[in-house]
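Indexing begins at 1, ligand by ligand and atom by atom, following the structure's order.
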Amino acid sequence: MKEEIQVAVVGAGPAGCTAAEVASYRGAEVALIERKSEIGSPVQCGGFLPEAHELQALMPRARLPQTLQDIPERCILHRTHLQRIYSPSGESKEFPVAGRVVDRRAFDRFLAHRAARAGARVLPATRASWTDGVLQLSGRFSGFLRPQIVIGADGPLSIISRSMGNPSGERGICLEYEMADIDIDPDAAEMYFSADYAPGGYAWIIPLGEDLANVGVGVRASYLASQKLPDLLDRFVQEHPVAGKMLRGGEVMAVMRGLVPASGSAGSVQKDNLLLAGDAAGHVMATSGGGIPLAMVAGRIAGEVAAAYLKGELALREYQSRIREEFGKELDRSVQIRKMVDMAMKSDRLMNALFAALSPDQMKSVMRAQIPAALGIAREPKDDSDREGIALQKTRRNKT
Ligand SMILES: Cc1cc2nc3c(=O)[nH]c(=O)nc-3n(C[C@H](O)[C@H](O)[C@H](O)COP(=O)(O)OP(=O)(O)OC[C@H]3O[C@@H](n4cnc5c(N)ncnc54)[C@H](O)[C@@H]3O)c2cc1C
């Protein structure tokens, strides 16, 4: 493979595969570099992905890639219609959300296949490192690449983000079991909040079928104290007053662990010829930990900007503003909301009170990062045309 390549994409997850497909489709010469021997495996994800119309409501200004809208049935393991949220006291509230649960192994391979078909060179089992404008490859492919553009889609521990000088933000640490022979509600994706079982985060049950589910816990290290994540998850499975009844006695079929960025966007997502997309850029909704949709939208934008830059149509700094335009506001708000909820998370009593104060509809809006005013977050309007600022201020006045 020749050293002078136009675009090198590091990481073949949803962000990298999407970026590689889009840039290749638009005529760029692309290498997609992935350290895993098999793209998509091992899986480190719950696979929950709202249907396209739900995603569009979550990010009204984002252009969803086709691959987020029409996912082949072979990549979808299950569908859910409800989201149910439990307070620490075991009360639940639910609201309709049409969800798909994707098989990440199949889905990532599908996305990589699309990138290859668009013309990208796919390099699995190959690790990249970045020094002084040179990508060093080791593994199945070794040698150097001198790309005109590098798209860092290399996940939550991104080497590309680090080389840009971004500090490592706060991350959630997650442990997940695939469990079989359990007595769950196959129609509902469930979240459980509790300082005992998931300090500074939540536990979840994502159905994969009638008696099969991904069951996990994600917390922030700063809340964990001396507790160990496996102990927390085992205790959730065995002892949680609601979930324990469904899960106890089930069989653990697989164990997955991973990190989820929890601080919102990295300080800079573009520097010189480097772009960041997906987890590498902190593109994860802080209210839910869901990162697949943002990763794919960011990947699409990175691919478009890279291809346009190579044709002399655009400066690379456009990338940051395009990201902001499409989902920056929603991402920032999700972090604001998470910070508010953090205070309540310090005590189950406060969390129960917050839970009681929100209707199911408001809860859905909070999950979509749409009603910060309900949590007491309001800002002054910037000027007379700032309708949202004015609306927030009115809501705050009405509440007091
Ligand atoms: C336990 C868990 C459950 C989750 N559940 C959900 C969920 O239900 N729904 C949801 O939307 N999100 C979920 N997420 C988050 C979601 O998995 C991520 O946000 C999403 O995968 C981000 O995609 P990405 O392409 O940015 O990064 P990734 O999918 O992490 O892909 C990055 C890729 O880069 C590769 N890589 C890293 N470094 C290098 C290197 N130096 N050289 C070559 N390759 C490299 C990695 O091997 C990896 O394949 C979950 C995360 C965890 C940990």
Side-chain angles (χ1 to χ4, degrees), residues 8-20 31-50 55 58 68 77 80 99-102 104-105 107-109 111-112 122-130 135-141 145 150-163 171-178 189 191 201-208 213-219 229 233 254-262 276-286 288-299 302:
V9 181
V10 183
C17 291
T18 307
L32 176 60
I33 303 153
E34 171 55 57
R35 69 181 172 197
K36 290 177 181 170
S37 302
E38 184 188 359
I39 288 172
S41 179
V43 174
Q44 293 173 297
C45 189
F48 184 75
L49 191 56
L55 292 173
L58 184 72
L68 202 46
L77 296 169
T80 55
R100 303 163 279 192
V101 187
V102 294
R104 275 293 301 269
R105 179 173 171 273
F107 186 53
D108 287 20
R109 285 165 62 104
L111 295 175
V122 183
L123 312 180
T126 304
R127 181 181 289 270
S129 59
W130 175 248
L135 262 187
Q136 180 160 10
L137 305 186
S138 57
R140 182 160 179 265
F141 295 87
L145 292 181
V150 175
I151 299 178
D154 49 340
L157 295 174
S158 169
I159 53 159
I160 305 298
S161 177
R162 216 179 318 139
S163 77
R171 302 189 192 98
I173 46 176
C174 307
L175 181 67
E176 185 177 72
Y177 295 156
E178 182 186 315
M191 297 167 89
Y202 67 88
W204 64 85
I205 301 179
I206 299 175
L208 300 167
N214 282 332
V215 178
V217 62
V219 301
L229 208 50
L233 182 53
V255 181
M256 295 161 263
R257 48 186 91 233
L259 298 171
V260 176
L276 295 177
D279 278 14
H283 293 153
V284 174
M285 278 295 178
S288 65
I292 304 169
L294 268 57
M296 291 177 68
V297 173

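Around CZ of R100, the count of heavy atoms belonging to other residues, nucleotides or ligands within 6.0 Å exceeds 12.
Looking at ligand 1, you'll find an N or O of F48 within less than 3.5 Å of one of its N or O atoms. Annotation: P156 places no N or O atom under 3.5 Å from an N or O atom of ligand 1; distance criterion only. Considering backbone and side-chain N/O atoms, G155 never comes within less than 3.5 Å of an N/O atom of ligand 1. Below 3.5 Å of separation, one finds an N or O of G46 facing an N or O of ligand 1. Residue R127 places no N or O, backbone or side chain, under 3.5 Å from any N or O of ligand 1. Of the polar atoms of W204, none of the N or O atoms is found under 3.5 Å from an N or O of ligand 1, judged by distance alone. At a 3.5 angstrom cut-off on N or O pairs, P14 counts as close to ligand 1. For the pair V260 and ligand 1, the shortest N or O to N or O distance does not fall below 3.5 Å. At a 3.5 angstrom cut-off on N or O pairs, G258 does not count as close to ligand 1.
Counting the atoms of ligand 1 from 1 in the order shown, those under 4.0 Å from a heavy atom of G289 are 12 (N), 13 (C), 14 (N), 15 (C). With ligand atoms numbered from 1 in the order given, ligand 1 contributes 11 (O) to contacts under 4.0 Å with heavy atoms of P293. Close contacts between ligand 1 and G278 involve ligand atoms 26 (O) [criterion: under 4.0 Å to a heavy atom]. Heavy-atom proximity to V10, at under 4.0 Å, picks out these atoms of ligand 1: 40 (C), 42 (N), 43 (C). Near C174, meaning under 4.0 Å from one of its heavy atoms, ligand 1 places the atoms 1 (C). Near T126, meaning under 4.0 Å from any of its heavy atoms, are these atoms of ligand 1: 43 (C). Close approach to I206 involves these atoms of ligand 1, each under 4.0 Å from a residue heavy atom: 8 (O). Close approach of ligand 1 to A153 is summarised as follows: ligand atoms under 4.0 Å from at least one heavy atom of the residue are 32 (C), 33 (C), 34 (O).
Among R35, K36, M296, M285, the residue whose heavy atom sits closest to atom 45 (C) of ligand 1 is R35. Taking each of G290, A128, G13 in turn, the one with a heavy atom nearest to atom 31 (O) of ligand 1 proves to be G13. If you check each of G216, A280, C45 against atom 50 (C) of ligand 1, the one with the closest non-hydrogen atom is C45.
Considering only heavy atoms from C-beta on, L145 stays 4.5 Å or farther from V150 through its side chain. Contact check for C17 versus D108: no side-chain heavy atoms found under the 4.5 Å cut-off.
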Margin query: If you apply the rule side chain to side chain contact (heavy atoms under 4.5 Å, CB included), what do you find for C174 with L259, and how did you get there?
Written below: CA-CA 6 Å; C174 307; L259 298 171; over 6 Å; no
Next item on the list: Would you check, one step at a time, whether the test side chain to side chain contact (heavy atoms under 4.5 Å, CB included) holds for V255 with E178?
Entry: CA-CA 7 Å; V255 181; E178 182 186 315; over 6 Å; no
Next item on the list: Please step through side chain to side chain contact (heavy atoms under 4.5 Å, CB included) for the pair L135 and I33, ending with a clear verdict.
Entry: CA-CA 10 Å; L135 262 187; I33 303 153; 3.8 Å; yes
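Looking at W130 and Q136, their side chains never bring a donor and an acceptor atom within 3.5 Å of each other.
Y177 contributes no side-chain N or O that, together with a main-chain N or O of L233, makes up a donor-acceptor pair within less than 3.5 Å. Using a distance-only test at 3.5 Å, with no hydrogens or angles considered, a donor-acceptor pair links the side chain of Q44 to the main chain of R257. Under the 3.5 Å distance criterion, the side-chain polar atoms of S41 are left unmatched by any main-chain donor or acceptor of V43. Between the T126 side chain and the P124 main chain, a donor and an acceptor come within less than 3.5 Å of each other. Side-chain atoms of D279 do not come within 3.5 Å of backbone N or O of P261 as any donor-acceptor pair. Using a distance-only test at 3.5 Å, with no hydrogens or angles considered, no donor-acceptor pair links the side chain of S158 to the main chain of D154. Remark: side-chain polar atoms of E34 are paired, donor with acceptor, to backbone N or O of A12 under 3.5 angstrom. Between the side chain of S163 and the backbone N or O of I160 there is at least one donor-acceptor pair closer than 3.5 Å.
When every heavy atom of A213 is checked against every heavy atom of P207, the shortest pair comes out as CB-CA, 3.9 Å.
Under the 4.0 angstrom criterion for non-hydrogen atoms, M256 is not in contact with ligand 1. Residue contacts with ligand 1 include G47, since one of its heavy atoms falls under 4.0 Å from the ligand. R104 counts as a contact of ligand 1, since one of its heavy atoms falls under 4.0 Å from the ligand. The shortest heavy-atom distance from G40 to ligand 1 is not under 4.0 Å.
Given atom 52 (C) of ligand 1, the protein heavy atom at minimum distance is Q44 O, 3.3 Å. Nearest non-hydrogen protein atom to atom 25 (O) of ligand 1 is A15 N, 2.9 Å. G291 N, 3.1 Å is the protein heavy atom nearest to atom 12 (N) of ligand 1. Nearest protein heavy-atom contact of atom 34 (O) of ligand 1 is G11 CA, 3.1 Å. Taking atom 48 (C) of ligand 1 as the reference point, the nearest protein heavy-atom neighbour is E34 OE1, 3.4 Å. The nearest heavy-atom contact from the protein to atom 22 (C) of ligand 1 is D279 OD1, 3.3 Å.
Using a cutoff of 4.0 Å between basic side-chain nitrogens and carboxylate oxygens, E38 and R105 are scored as salt-bridged.
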